[in-house]
Visitor: 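Here it is: the structure, laid out below.
Here the structure is a predicted model, which is why all the values come from computation and not from measurement.
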Amino acid sequence: MYCSFLSILHADDFDDFANIQPQATSNFNSQQTYLARTLSNHDMFYDPYTFVLLELQYKTPQGIHLDFGADMYSDSTTQGIALNQASLQYSTDRFDFKVGKFVETLGVLDYLSITNITNPPRTPFFDDSNINIRKLPLLMASASTYLTKEFKVQAIAQPFDKNLNYTNVYLNTILKSLLPFYLNSVEFQNNNFNIIRDEIFLPSYNEQIADALNTHIQNKYKANTTLALNKASFFLLMQYDDFDATYGFIWTNHYSEVQYIQIDENFFNSINDILNEQDSGALDAYLSQENLDPISSISTYRYDQVTAYYESSYKEIGIRSEISYRDKIPTINTLSSLSSIAIGLDHKSTNMYNSMELQYLHVPSLPKDVFTSTFVNKTDSCKSGAMEMYMKTYILGGYYNGEFELSVSPSVVIDFEVFNATLQFYHSKLRPELDTFSLTLKATLE
């Protein structure tokens with residue numbers, strides 16, 4: 001029974017489980033978290049940092065909860081003190097209302113969900129046990145009611161947060177990761193273009209053009225950062241729980257953070273002329289134009305998404321699944337649809353815990369479908385007095401148009417009372433220059 005219970009728990013469940021544990025006799029609780037990472041190669045994912053989070057919580061017998069958190073973050077490019085989370089919650093047996101800046105999770109998948117989009121993940125802390133560190137708290141309001149003991153209805157309203165630079169957070173990831181991956185995966189019939197791709201485009205995207213183009217797009221598109229109602233996003237969730245399983249449905253009407261970028265058709269025609277010319281005439285003619293900006297327009301849009309999810313267990317295996325359909329997603333000069341099917345499997349044996357997620361993505365405007373996967377392995381702790389040590393390994397995979405990306409990140413974790421040390425190695429199949437060790441030190445004080 002104990003193993004069966006553990007087998008269907010995943011990362012967000014552990015946070016929720018921790019939150020419902022009996023509290024101290026006092027209605028006031030506080031927690032401090034100190035994080036520091038070093039031994040890194042100063043690149044994107046393993047940039048050394050320091051992070052401090054102070055959390056305060058106050059509860060009354062009348063069901064009122066007050067949460068507050070402030071953090072201090074510093075890395076090679078950013079530093080400062082900010083409000084982490086601040087919320088007011090009122091709860092009864094049948095009703096729950098929460099408003100403020102906080103984290104709200106949706107669906108049942110940990111890593112490959114396209115539904116759990118209320119709070120973007122913080123990449124450097126993707127596996128932290130504290131959800132207020134692992135994800136970025138944002139402004140929203142949530143109201144839940146239990147129509148019956150098993151049936152819950154929840155509504156969430158989330159304004160467009162003026163303090164979050166969506167263009168930088170999302171577009172920079174796309175330019176640095178997905179575009180080189182896409183260019184690598186496409187085979188062109190024209191050998192001249194293959195040479196340009198291999199010798200110019202890919203090295204440039206990996207080094208400097210991604211940042212330059214990101215800045216250019218941000219300068220060209222000045223987002224309206226007001227918290228206007230027409231920029232708010234809405235979520236409606238219905239969930240039914242019985243003794244053996246959970247069934248859920250989510251409707252999302254979302255104001256997209258990622259802009260729709262249209263490329264000037266003349267740009268494509270000019271590139272085609274350059275490739276088909278045997279001399280440099282076409283190239284000289286292209287470079288002599290007064291305006292070389294390939295971007296004709298940048299705009300925002302709304303999309304609707306529906307998701308059905310399911311969670312249960314069979315013997316010692318936990319089963320989680322999500323099926324989603326989104327009516328709009330931007331591709332090159334096209335707003336396409338996005339369909340997704342994902343499944344998660346969890347198993348707890350006598351000496352280790354394994355969790356795997358598999359995802360299939362279909363975008364009609366892309367030539368091939370996309371497959372992604374995650375695998376997490378955690379061994380049981382070896383104990384010596386107050387010290388515990390275990391190993392944890394993450395394996396991330398992606399397949400598109402003949403190219404397979406694989407990254408592996410094994411780590412050794414040592415816990416000693418309130419202190420934690422993690423020595424981690426990261427390896428990427430497509431970008432081995434990112435291979436690096438990192439050491440993360442963490443202390444949690446109450």
Visitor: Is the closest side-chain donor-acceptor distance between Q424 and T440 under 3.5 Å?
Guide: no
Visitor: Does the side chain of F371 reach to within under 4.5 Å of the side chain of L358, using non-hydrogen atoms?
Guide: no
Visitor: Could D93 and K149 be called an ion pair, given the rule that one side-chain N must be under 4.0 Å from one carboxylate O?
Guide: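 Answer for the salt bridge query: no.
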Visitor: Grab the two heavy atoms, one from S428 and one from D435, that are nearest each other, plus how far apart they are.
Guide: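 Heavy-atom minimum between the residues: N-OD1, 3.1 Å.
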Visitor: For residues Y390 and E388, is any side-chain donor paired with an opposing acceptor at under 3.5 Å?
Guide: no
Visitor: Should we count CD1 of I81 as having more than 12 external heavy atoms under 6.0 Å?
Guide: no
Visitor: What class does the angle between the rings of F51 and F125 fall in, given that below 30° is parallel, 30 to 60° is tilted and above 60° is perpendicular?
Guide: tilted
Visitor: Without hydrogens or angle criteria, can the side chains of E446 and N29 be said to hold a donor-acceptor pair below 3.5 Å?
Guide: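 Note: E446 and N29 side chains miss the donor-acceptor criterion.
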Visitor: Any donor and acceptor pair, going by atom type alone, linking the side chain of R326 with main-chain N or O of S339 inside 3.5 Å?
Guide: no
Visitor: Please test V103 against T118 for side-chain contact (heavy atoms from CB on, under 4.5 Å), starting from the C-alpha separation and ending with a verdict.
Guide: CA-CA 8 Å; V103 174; T118 48; 5.9 Å; no
Visitor: Examine the side chains of D241 and Q239 and answer whether a donor and an acceptor come within less than 3.5 Å of each other.
Guide: yes
Visitor: For Q32, does the CD atom have more than 12 heavy-atom neighbours from other residues, nucleotides or ligands under 6.0 Å away?
Guide: yes
Visitor: State, to 0.1 Å, how close A232 and Y255 come at their nearest heavy-atom pair, and which atoms those are.
Guide: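 Heavy-atom minimum between the residues: O-CB, 4.2 Å.
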Visitor: Please check if the side chain of S312 supplies one atom and the backbone of D244 the other of a donor-acceptor pair under 3.5 Å.
Guide: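 It does hold such a pair.
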Visitor: Please determine whether side-chain contact (heavy atoms from CB on, under 4.5 Å) holds for the pair M140 and S142, giving the CA-CA distance in whole Å, both sets of side-chain angles, and the decisive distance to 0.1 Å.
Guide: CA-CA 7 Å; M140 69 185 88; S142 170; 5.6 Å; no
Visitor: Between Y353 and K348, which heavy-atom pair has the shortest distance, and what is it?
Guide: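 The answer is CB-CD, 3.9 Å.
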Visitor: How many angstroms lie between OG1 in T436 and OH in Y426, if you round to the nearest 0.5 Å?
Guide: 11.0 Å
Visitor: Any non-hydrogen side-chain atom of L35 less than 4.5 Å from a side-chain atom of T50?
Guide: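 No, too far: nothing below the 4.5 Å cut-off.
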Visitor: Is it the case that the side chain of N119 and the backbone of F102 share a donor-acceptor pair, with hydrogens and angles ignored and the cut-off at 3.5 Å?
Guide: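 Such a contact is found between N119 side chain and F102 backbone.
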Visitor: Got a second to check how far K378's NZ is from S355's OG, nearest 0.5 Å?
Guide: 12.5 Å
Visitor: Is there a side chain to side chain donor-acceptor pair (under 3.5 Å) between N351 and D380? Walk through the geometry before answering.
Guide: CA-CA 5 Å; N351 57 4; D380 282 354; over 6 Å; no
Visitor: Looking at E55 and T33, what are the two nearest heavy atoms and their distance?
Guide: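 Heavy-atom minimum between the residues: OE1-OG1, 4.5 Å.
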Visitor: Hey, could you give me the CG/CG distance between D71 and N84, rounded to the nearest 0.5 Å?
Guide: 4.5 Å
Visitor: Can a side-chain donor-acceptor contact be found between T115 and S324 if the only test is distance below 3.5 angstrom?
Guide: yes
Visitor: Any chance you could lay out the side-chain contact (heavy atoms from CB on, under 4.5 Å) test for V376 and D110, step after step, and finish with the verdict?
Guide: CA-CA 11 Å; V376 181; D110 295 331; over 6 Å; no
Visitor: Any donor-acceptor pair under 3.5 Å linking the side chain of Q359 with the backbone of I114?
Guide: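 Such a contact is absent between Q359 side chain and I114 backbone.
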Visitor: Between Q158 and S233, is any side-chain donor less than 3.5 angstrom from a side-chain acceptor?
Guide: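 Side-chain D/A pair, Q158 to S233: absent.
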Visitor: Would you say N253 and D304 are linked by a side-chain donor-acceptor pair, where the criterion is simply a distance under 3.5 Å?
Guide: yes
Visitor: Can you confirm whether Y73 is buried at OH, in the sense that more than 12 heavy atoms of other residues, nucleotides or ligands lie under 6.0 Å from that atom?
Guide: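 Atom OH in Y73 is crowded, with more than 12 foreign heavy atoms closer than 6.0 Å.
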Visitor: Determine whether the side chains of T444 and Q31 contain a donor N or O and an acceptor N or O closer than 3.5 Å.
Guide: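 Looking only at side-chain atoms, Q31 and T444 do not form any donor-acceptor pair under 3.5 Å.
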Visitor: Could you tell me whether the side chain of L83 reaches within less than 4.5 Å of the side chain of F68, counting heavy atoms only?
Guide: yes
Visitor: When rounded to the nearest 0.5 angstrom, what is the spacing between CG in L138 and CG in L136?
Guide: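 Rounded to the nearest 0.5 Å, the CG-CG separation comes to 5.0 Å.
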Visitor: On the ring face of F404, is K429 found with NZ or CZ under 6.0 Å from the centre and within 45° of the axis?
Guide: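 No cation-pi geometry.
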Visitor: Could you tell me whether a side-chain N or O of E357 sits under 3.5 Å from a main-chain N or O of L112, the two making a donor and an acceptor?
Guide: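 Between the backbone of L112 and the side chain of E357 there is a qualifying donor-acceptor contact (under 3.5 Å).
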Visitor: Going by heavy atoms in the side chains, are E104 and Q154 under 4.5 Å from each other?
Guide: yes
Visitor: Mind checking whether Y301 and P330 have side chains closer than 4.5 Å, heavy atoms only?
Guide: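 Y301 vs P330: side chains touch.
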Visitor: Going by the ring pair (Phe, Tyr, Trp, His ring centres under 6.0 Å) test, name the single residue among Y309, Y310, F151 that passes it with Y247.
Guide: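 Among the candidates, only Y310 passes.
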Visitor: Pick one: which of K442, K135, R122, R37 meets salt bridge (charged side-chain N to carboxylate O under 4.0 Å, His left out) with D128?
Guide: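 Option passing the salt bridge (charged side-chain N to carboxylate O under 4.0 Å, His left out) with D128: K442.
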Visitor: Between E322 and S340, does a side chain to side chain donor-acceptor pair (under 3.5 Å) hold up when you go through it step by step?
Guide: CA-CA 8 Å; E322 292 183 7; S340 170; over 6 Å; no
Visitor: What I want to check is whether the side chains of N354 and H347 have a donor and an acceptor closer together than 3.5 Å.
Guide: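 No donor-acceptor contact under 3.5 Å links the two side chains.
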Visitor: Return the CZ to CG distance between R302 and D327, rounded to the nearest 0.5 Å.
Guide: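 Result: 11.5 Å between the selected atoms.
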Visitor: Between the side chain of S113 and the main-chain N/O of V108, is any donor-acceptor distance below 3.5 Å?
Guide: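 Such a contact is absent between S113 side chain and V108 backbone.
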Visitor: Nearest 0.5 Å, please: how far is OH in Y303 from NE2 in H254?
Guide: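 Output value for this atom pair is 4.5 Å.
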Visitor: Would you say the side chain of L396 lies within less than 4.5 Å of the side chain of Y111, judging by non-hydrogen atoms?
Guide: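 A side-chain contact under 4.5 Å is absent here.
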Visitor: Within the distance-only criterion (no hydrogens, no angle test), does the side chain of S336 pair as donor or acceptor with the backbone N or O of V363 below 3.5 angstrom?
Guide: no
Visitor: Show your reasoning for whether side-chain contact (heavy atoms from CB on, under 4.5 Å) applies to L88 and L66.
Guide: CA-CA 5 Å; L88 170 65; L66 295 173; 3.2 Å; yes
Visitor: List the atom of S337, the atom of P364, and the distance in Å for their closest heavy-atom pair.
Guide: O-CD, 3.3 Å
Visitor: State, with a plain yes or no, whether a side-chain heavy atom of T374 is found less than 4.5 Å away from one of Y394.
Guide: no
Visitor: What pair of heavy atoms forms the shortest contact from F126 to R134, and how long is it?
Guide: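 Looking at all heavy atoms of both residues, the shortest contact is O-CD, 3.1 Å.
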Visitor: Considering only heavy atoms from C-beta outward, does the side chain of S411 approach that of S409 to under 4.5 Å?
Guide: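 Counting from C-beta outward, S411 and S409 never come under 4.5 Å.
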